Protein chains: 2
Amino acid sequence: MISISLASDVPIHDQLVAEIRRLIAAGTIAAGDELPPVRQLAADLGINLNTVARAYRDLTDAGLLSSSRGRGTVVMSGTERPTGEPAQVRRRIESSISSALSDAKLAGLSRDQTRDLINTMMARLWGPSCEEGASP
Amino acid sequence: MISISLASDVPIHDQLVAEIRRLIAAGTIAAGDELPPVRQLAADLGINLNTVARAYRDLTDAGLLSSSRGRGTVVMSGTERPTGEPAQVRRRIESSISSALSDAKLAGLSRDQTRDLINTMMARLWGPSCEEGASP
DNA sequence: TCGCATTGTATCGTACTATGATACAATGTC
DNA sequence: GACATTGTATCATAGTACGATACAATGCGA
């Protein structure tokens, strides 16, 4: 369910954070669900347990997870997640969207190709929309 | 025209790369245009010239810029930019879009808010669309 | 042609980070 | 209370980010 790339230049624990955030956002794992113990996930991915622990800690600090010794790590409910300063959050989101779109355009994707790609991924997060690709 | 944040946790040269990619994708700077000398841009941003040089080198390696001593750094034309393995490129783009959308949803943005934000930023890159927010 | 300014590049040092090996501490179970 | 399970802390090592400084190539004017 979680996949990382050791060849990538982005740190492993950052990849892990992004993957877990994606799973939470998509609802694949929900509030109260347990995550695998650091040793198990580390073994599954072939990495060190500290690297997994680092990702769990980052997400715990961000308010998405809750960890405690002996009991494991569980997903927090959405209501108790501090999102931070609205202006800063918006800037950060704009920045990441901007980078992604620039990447797409520089890679040669057309506006329609990019829009289709985004619609597909939005459907996975928010559920299917009413106005895209209506079947006959 | 280029803005970076020293407080951010993302490396300065990576921020610079993202900013310049954005400017090229948006057409703000086009093939043949000269970029500021490393010393000038470094002074403007209050950073070391090596950091700017690193960003220029990364983009030169990526085929977006062309640098040579004494002559400066210019933007390459789109036709001579190698984009890499299509499958890898698509994976990378999907990954960055996925992260951005997950970020948006976890921050509490609705589907429509996110779509509006994306439409706005797409308009900046590909030009205004025909089907969004048509004025009366 | 020569001297010099301009520009990118290479070298080196310092602080920090990522990852891993290992040991520790808290919780639950029998 | 003994032990397994789980997260956490400590330490070491390799790599990276950033900067100060020196070098090399190109172009221009005297």
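By convention in this document, chain letters (A, B, ...) are assigned in the order of the sequence lines, proteins followed by strands, and residues within each chain are numbered from 1. The structure displayed is predicted, hence computed values, not measured ones.
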When rounded to whole Å, the CG to P distance for the pair B:Leu65 and C:dT7 reads 16 Å

When rounded to whole Å, the CG to C1' distance for the pair B:Leu45 and D:dC18 reads 14 Å

Separation of D:dT5 atom C1' from A:Leu35 atom CG, nearest Å, is 16 Å

**OP:** Tell me whether the OP1 or OP2 atom of D:dG19 has a side-chain N or O from B:Thr51 closer than 4.0 Å.
**Re:** yes

A:Asp58 CG to C:dA18 C1', in whole Å, measures 12 Å

- Task: Evaluate the side-chain proximity of B:Met1 to B:Leu23: yes if any heavy-atom separation is below 4.5 Å, no if none is.
- Result: yes

Separation of D:dA17 atom C1' from B:Asp9 atom CG, nearest Å, is 13 Å

Between CG of A:Leu6 and P of D:dG15 the distance, given in whole Å, is 15 Å

Between B:Arg22 and B:Glu19, is the closest basic N to carboxylate O distance under 4.0 Å?
yes

Rounded to whole Å, the CD1-P distance (A:Ile12 to C:dA18) equals 11 Å

Per atom distances to the A:Arg54 side chain, the nearest of C:dT19, C:dG20, C:dA18 is C:dA18

Please check the phosphate of C:dG8 (OP1 and OP2 only) for any side-chain N or O of B:Thr73 closer than 4.0 Å. yes

Per nearest nucleotide of DNA chain C, the residue lying toward the 5' end, A:Ile47 or A:Gly70, is A:Ile47

Taking atom types as they are modelled, would you say the side chain of A:Arg71 forms a donor-acceptor pair with the base of D:dG7 within the 3.5 Å cutoff? no

Taking the side chain as every heavy atom from C-beta outward, state whether B:Leu109 and B:Asp103 have any pair of such atoms under 4.5 Å apart.
-> no

Problem set entry | Phosphate contact (D:dA20 OP1 or OP2) by B:Asn48 side-chain N/O below 4.0 Å | yes

Which of B:Val38, B:Thr73, B:Asp44 passes side chain to side chain contact (heavy atoms under 4.5 Å, CB included) with B:Val52? Answer is B:Val38

Taking C:dT19, D:dG7, C:dG8 as options, the one with an atom nearest any side-chain atom of B:Arg39 is C:dG8

Decide yes or no for B:Ile24 and B:Val75: does some side-chain heavy atom of the first lie under 4.5 Å from some side-chain heavy atom of the second?
yes

Side chain B:Asn50 and base D:dA17 donor-acceptor under 3.5 Å
no

- Message: So A:Leu49, base contact, sugar-phosphate only, or nothing? Heavy-atom distance under 4.0 Å.
- Response: base

note: A:His13, atom NE2; C:dT17, atom C1'; distance rounded to Å ~ 8 Å

Considering only heavy side-chain atoms of B:Pro37, the closest of D:dT6, C:dA18, C:dT7 is C:dT7

